[in-house]
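First the structure, in the form of structure tokens, and then the observations on it.
Just so you know, these numbers come straight off a predicted model, no measurement behind them. All ligand and atom numbering here is 1-based and tracks the order in the structure.
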Amino acid sequence: MADNEVVGKCSKAAGGWGALKSVGRQLMGSGAPLAGARTMLKANQPDGFDCPGCAWGDPEHGSSFEFCENGVKAVAWEATTARAKPEFFAAHTVSELRGWSDFELEHEGRLTHPLRYDSASDRYSPVTWDEAFGEIADALNALDTPYQAEFYTSGRASNEAAFLYQMFVRLFGTNNFPDCSNMCHEASGIALTEAIGIGKGTVRLEDFELADAIFVVGQNPGTNHPRMLTDLRAAVGRGARVVVLNTLKERGLHRFADPQDKLEMLAGGSASTSTDYFTPLLGGDMAVFRGIAKAVFAAEDEAVRAGKPAVLDHQFIAAHCSGFDAYRATVDATSWDDIEDQSGLSRLEIEDAAAIFIAADNVITTWAMGVTQHRHSVVTVREITNVMLLRGQVGRPGAGLCPVRGHSNVQGDRTVGINERAPASFIDAMERELGVSLPRAVGHNTLGAIGAILDGTARAFIGLGGNFARAVPDSALIAEAFGKLDLTVNIATKLNHSHLLPGRSAFILPCLGRTEIDKNSNGVTQIVTVEDSMSMVHGSGGINRPASPELRSEVRIIAGIAKATLGSGVVDWDALADNNDKVRDMIARVLPIFGDFNANVRKPRGFRLRNSAALRQWDTATRKANFSDAALPENTVWQRTRDSDDTFVLQTFRSHDQYNTTVYGMDDRYRGVFGARQVVFLHRDDIAALGAEPQDLVDVLSAADDGIERIARGFRLVPYDIPRGCAAGYYPELNVLVPHTEFGDKSFTPASKSIAVRIRPHVD
Ligand SMILES: Nc1nc2c(c(=O)[nH]1)N[C@H]1C(S)=C(S)[C@@H](COP(=O)(O)OP(=O)(O)OC[C@H]3O[C@@H](n4cnc5c(=O)[nH]c(N)nc54)[C@H](O)[C@@H]3O)O[C@H]1N2
Ligand SMILES: Nc1nc2c(c(=O)[nH]1)N[C@H]1C(S)=C(S)[C@@H](COP(=O)(O)OP(=O)(O)OC[C@H]3O[C@@H](n4cnc5c(=O)[nH]c(N)nc54)[C@H](O)[C@@H]3O)O[C@H]1N2
Ligand SMILES: [Mo]
């Protein structure tokens with residue numbers, strides 16, 4: 001890497017020709033330029049497949065051809081012509097492959113055959129589906145208790161696959177459902193359920209056209225939800241305010257050239273995606289919103305004194321809210337000094353943000369991982385909600401709360417029962433459907449599963465997609481512990497590091513991707529369904545020939561394991577495996593909100609699940625929307641690290657060329673980083689205070705006080721526009737530094753955006 005290549009500044013607009021060139025490169029690089037391009041034309045179309053890139057919503061009307069650069073990457077790399085065939089596995093031992101990078105494994109392409117691990121040769125080799133199912137069933141049935149097995153789900157699984165999976169797992173006898181959502185938006189789900197009685201956002205895509213102000217908090221849509229930029233720039237274009245709260249200056253949140261706008265592309269133009277940009281400290285957002293509340297109350301008091309119209313929505317608060325007085329008292333008791341100290345913003349800046357909030361009739365607030373991956377994330381989401389409730393900004397057109405989900409069906413998986421503590425009403429309905437009783441004990445979430453894997457009580461791991469061992473905190477410790485399991489099974493499209501940590505008995509089961517045609521035994525094409533961040537459920541059917549004739553759909557694979565393990569006494573697994581309509585009928589009987597699911601899903605744009613809070617019906621214990629009166633957090637990582645020159649708060653985030661643990665390329669174009677992922681972004685003055693120079697090689701050490709030594713070696717310092725004392729670098733390389741002992745209160749989400757670290761000169 002040349003020194004001058006890592007520039008770390010955001011000058012040009014996001015999107016534009018850079019995005020189009022990158023699309024071309026991705027299509028060529030994936031080895032499937034034509035298939036990839038043809039496939040893209042069907043993304044997010046009524047008769048096509050749901051883009052596996054992200055969970056941003058699709059318009060409910062119109063037929064706009066919506067795709068984005070990073071959707072293309074996700075699709076192109078699934079439609080790749082590269083194949084990881086049995087010969088590949090014969091040529092490489094698992095120990096050797098463990099030394100490969102995520103990038104190198106991804107580039108071997110699609111898995112083609114079911115594989116079983118042979119410890120004598122340290123290799124994976126082909127096995128028949130029936131042998132695999134039989135041996136997996138034997139291993140599961142040999143456990144002392146079903147709670148010794150961990151059943152992980154990654155959020156790409158369809159509603160049908162996830163529903164079948166939870167049914168199998170509960171009939172097997174456990175609620176152990178570690179889920180990618182535990183590492184992602186769990187805090188949003190918990191906070192919103194407490195506050196407004198539903199763990200989902202309240203807005204629909206159309207609301208963005210009506211909003212006067214949109215607050216975008218701790219989120220990098222330019223990379224992770226690029227289609228959202230189109231909505232943001234349209235909002236700016238019609239005079240709405242788009243207020244960004246982000247620790248970093250992210251280019252996509254300044255300007256965006258829409259690759260789908262031909263005139264603009266020819267003219268080399270671009271448009272703004274935000275009007276106001278604030279850079280709080282890592283973990284400072286609760287303090288920012290507390291400050292906005294203080295300013296709102298001050299404006300209200302002033303309005304009362306001057307006999308002007310009220311700033312608070314008194315009618316809404318009286319009719320719909322509980323806990324207002326206690327909240328007001330807490331806000332009054334929080335000092336501006338504490339707010340400035342914790343947020344890293346000045347009172348004036350926060351008052352500016354508050355003035356925009358107050359002046360807007362309709363406000364939407366969106367957020368993602370910058371809010372949810374801290375210790376105090378639940379109270380932060382509650383504080384965002386508090387502020388929105390003050391002016392009745394929930395449950396009416398053009399306004400509302402919008403946690404922007406990650407994986408394309410992570411919200412749907414939870415809806416259909418992937419939940420270690422599912423509501424009693426759901427278990428009741430499942431029991432009625434099946435006519436047997438199901439386990440009620442709370443199962444393991446991701447941290448629970450990690451604990452059980454580390455202490456040896458877990459004996460089996462099954463992964464429905466994902467890359468568990470690489471996505472979790474303390475990935476180095478987990479990698480060691482995985483090998484001690486009796487059984488590891490991964491249902492996957494592509495080879496990844498989790499597959500290379502085989503238990504005594506280990507299988508890789510290759511499945512169809514969303515872009516591929518899925519036909520049942522009678523040759524009838526099957527579709528699946530997903531739910532986006534706006535509670536819209538739509539169908540998804542692939543158009544490409546399967547990567548290998550051996551592949552099976554996730555639904556068939558789960559039914560196969562279930563039948564071998566449990567028999568067909570309670571559930572006719574073969575019938576469900578062969579007909580996704582039957583699975584949907586079952587879902588609709590258990591969850592009546594799906595209505596006539598099979599008819600609904602065949603409507604061109606799908607349908608919206610009932611969202612109680614959007615209707616101002618509050619399914620909370622008080623039957624009201626609840627204010628929370630939590631104090632600002634104490635002893636934050638920022639407070640613990642601020643006084644030392646070599647200690648920082650580190651956030652781990654995504655580059656522009658990755659999808660979670662999948663690394664497509666080595667560039668992070670918008671942040672000016674090319675050809676490298678082993679980098680740490682720091683303020684220029686912090687680099688100087690370390691006695692270092694930009695581009696110097698450093699080692700990053702955990703400063704957690706739990707006695708465990710954690711180190712990431714050989715990272716390059718990149719100067720960046722980031723508050724002093726804060727650092728940033730890429731996941732999953734830095735997961736060795738994320739302590740599994742530091743997690744969100746109530747959410748148990750690893751605090752991967754506030755890791756205490758020390759930075760030292762690199763030693764070999
Ligand atoms: N192309 C692509 N798309 C994806 C993914 C992908 O990997 N690649 N992943 C998918 C998934 S599963 C998810 S969950 C989403 C993730 O979407 P994002 O949440 O956008 O993901 P991150 O890359 O973690 O970016 C976090 C952003 O929050 C900012 N931030 C970090 N900490 C703080 C803080 O304390 N306060 C504030 N105000 N800002 C902060 C960071 O600077 C960064 O801009 O994207 C989904 N879409
Ligand atoms: N340090 C740090 N850690 C993090 C995060 C962070 O910001 N920082 N983010 C967290 C977040 S938000 C999330 S959501 C998790 C993500 O954790 P995971 O969801 O476990 O990880 P992914 O990288 O999305 O999983 C990629 C793998 O999924 C498989 N796959 C892809 N498509 C399909 C499919 O259609 N079917 C099946 N069965 N398999 C498929 C492929 O084998 C691929 O290798 O990571 C979390 N970990
Ligand atoms: Mo996520």
Contacts of T493 that satisfy side-chain hydrogen bond (donor to acceptor under 3.5 Å, both in side chains) - sequence neighbours left out
none
So the atoms of ligand 2 within less than 4.0 Å of a heavy atom of N496 turn out to be 27 (C), 42 (O), 43 (C), 44 (O)
E108 with K494: basic N within carboxylate O range, under 4.0 Å:
no
So, 4.0 Å and heavy atoms of E554: is ligand 2 close enough to count as a contact?
yes
Interatomic spacing from CG in L509 to NE2 in H113 - rounded to 0.5 Å:
13.5 Å
Mind checking whether H107 and F103 have parallel, tilted or perpendicular rings, split at 30° and 60°?
tilted
Derivation of the salt bridge (Lys or Arg N to Asp or Glu O under 4.0 Å) call for E554 and R514:
CA-CA 10 Å; E554 290 172 332; R514 209 178 271 172; over 6 Å; no
Closer than 4.0 Å to some heavy atom of Y152 - which atoms of ligand 2 meet that?
17 (O), 18 (P), 19 (O), 20 (O)
Below 3.5 angstrom, do we get any N/O pair linking N467 and ligand 2?
yes
Suppose the criterion is side-chain hydrogen bond (donor to acceptor under 3.5 Å, both in side chains): which pairs have a residue in residues 276-288, not counting sequence neighbours?
R241-D276
Sequence neighbours excluded, the answer for side-chain hydrogen bond (donor to acceptor under 3.5 Å, both in side chains) partners of R552 is none
How are the rings of F461 and F468 set to each other: parallel, tilted or perpendicular (split at 30° and 60°)?
tilted
Check the angle between the aromatic planes of Y730 and F681 and answer parallel, tilted or perpendicular using the 30° and 60° thresholds.
perpendicular
Run the numbers for me: atoms of ligand 2, each under 4.0 Å from some heavy atom of I491, listed by number.
37 (C), 38 (N), 39 (N)
Mark up the atoms of ligand 2 that fall under 4.0 Å of a heavy atom belonging to C511, in ascending order.
36 (N), 37 (C), 38 (N)
I'd like to check which ligand 2 atoms, numbered from 1 as shown, lie under 4.0 Å from a non-hydrogen atom of G465.
37 (C), 38 (N), 39 (N)
Sort out the contact shell of ligand 1: every protein residue with a heavy-atom distance below 4.0 Å, listed by chain and number.
G53, C54, N70, C184, G218, Q219, N220, T223, N224, H225, L245, N246, T247, L248, E250, P280, L282, G283, D285, A368, M369, G370, H374, G406, H407, Q651, F653, R654, Q658, Y659, N660, K753
